[in-house]
Amino acid sequence: MNKNHHINNQAELERLIERYFDGDTSVQEEQMLREALADCPWSSEVIDEARFTMGYFAAHSHEKARTAGKNHRRQFIGIAASIAIVIAAGGYALWHQQQSTGVCIAYVNGMVVQDDDKVMTLIANDLSMMDNAADAMTDQLSSLGAALELDNE
C-alpha cells in the first residue's frame, strides 16, 4: 500500500473504485487502488468487477485457487512450447527433405524408417496428438475459469 495512506475499510475502497471509474483519481490514488485490489480481503460486486476490469482474477481469500491457476498456466505454456518444437521440427524436416538428395530418415523406437510417406505420416500423427493435448488443456483452463467465477459469486 501507499506509505502516506492506507485504505482502512471496504466502503473507502468502493468509493475509491467509483472515483477511479469516473476519472477523478490521481496517479497516486490509482496506484493505491491497484495495491489494495491485489491485497485486500474484501469482496463485493463493485470490488470484484474492479478486480476483473483491472486484471486481478482472484481475491486475497482465494490464494489457493490462484496458485492452482498458475500451475495450469505453466502446464499450458509447456504444452504450447512442445507444440512449437514439434511444428518447428516438422517444418525443418519438410524443408530439409526438399533441400536434400531425396533421403528421408526417421528413428522410431530405435528403428530406422526411410520411407518418405511413413516419416510424413509419423510427423502428422505427432502434430495431431499435440493438437489434441492443447485442446484438452484449453478445456481444462476454461473449466478452471468457470470454477473461479462460481467461487467469486
Side-chain angles (χ1 to χ4, degrees), residues 1-2 7 10 13-14 16-18 20-23 25 27 29-153:
M1 288 266 183
N2 186 307
I7 297 176
Q10 184 172 338
L13 177 59
E14 288 176 351
L16 185 58
I17 291 169
E18 202 172 301
Y20 172 78
F21 285 110
D22 287 342
T25 55
V27 173
E29 289 172 319
E30 181 181 337
Q31 180 62 32
M32 184 174 52
L33 174 61
R34 289 183 185 285
E35 291 173 3
L37 287 173
D39 295 331
C40 81
W42 305 302
S43 180
S44 70
E45 186 175 343
V46 171
I47 293 171
D48 294 342
E49 285 180 11
R51 277 190 179 113
F52 179 77
T53 302
M54 295 175 77
Y56 298 101
F57 297 109
H60 177 72
S61 62
H62 300 292
E63 186 68 32
K64 189 181 221 181
R66 192 175 349 166
T67 303
K70 287 180 182 177
N71 289 337
H72 285 292
R73 277 182 248 134
R74 285 185 189 136
Q75 288 175 342
F76 182 74
I77 290 169
I79 289 173
S82 298
I83 291 170
I85 290 169
V86 169
I87 289 172
Y92 176 77
L94 290 173
W95 173 81
H96 191 271
Q97 179 185 10
Q98 292 173 352
Q99 303 300 317
S100 70
T101 60
V103 177
C104 186
I105 300 173
Y107 294 91
V108 180
N109 296 325
M111 298 180 64
V112 177
V113 177
Q114 292 184 338
D115 182 272
D116 291 353
D117 292 333
K118 287 182 182 179
V119 172
M120 290 301 124
T121 300
L122 290 170
I123 291 172
N125 288 342
D126 286 347
L127 291 173
S128 178
M129 287 183 355
M130 294 302 291
D131 188 43
N132 290 341
D135 289 344
M137 183 54 69
T138 300
D139 291 344
Q140 287 178 355
L141 289 174
S142 294
S143 297
L144 177 64
L148 288 174
E149 286 178 15
L150 289 175
D151 205 27
N152 284 332
E153 290 180 355

**side chain to side chain donor-acceptor pair (under 3.5 Å) partners of Gln10, counting only residues at least two apart** = Glu14
**Request:** Only counting residues at least two apart or in another chain, list the ones meeting salt bridge (Lys or Arg N to Asp or Glu O under 4.0 Å) with Glu30.
**Result:**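 Counting only residues at least two positions away or on another chain, Glu30 forms a salt bridge (Lys or Arg N to Asp or Glu O under 4.0 Å) with Arg34.
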About how many Å separate [atom2] of [Y] and [atom1] of [X], when rounded to the nearest 0.5 Å?
X      : Y      : atom1 : atom2 : result
Met129 : Ser82  : CE    : OG    : 11.5 Å
Ile47  : Leu16  : CD1   : CG    : 10.5 Å
Ile17  : Arg51  : CD1   : CZ    : 8.0 Å
Leu122 : Asp117 : CG    : CG    : 11.0 Å

**Message:** With a 4.5 Å cut-off on side-chain heavy atoms, are Leu13 and Leu33 touching?
**Reply:** yes
**Beyond-backbone contact of Tyr20 with Leu37, side-chain heavy atoms, under 4.5 angstrom** = no
Qualifying residues under side-chain contact (heavy atoms from CB on, under 4.5 Å), relative to [X], sequence neighbours excluded:
X      : result
Asp22  : Glu18, Asp24
Val112 : Ile105, Tyr107, Gln114
Ile87  : Ile83, Leu127

**Asked** Is a side-chain donor or acceptor of Ser143 paired with a backbone partner of Asp139 at a separation under 3.5 angstrom?
**Response**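 Checked: pair present.
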**Prompt:** Taking all non-hydrogen atoms of both residues, which atom of Ala133 and which atom of Ile79 are closest, and how far apart?
**Reply:**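 Closest approach of Ala133 to Ile79, heavy atoms only: O-CD1, 4.2 Å.
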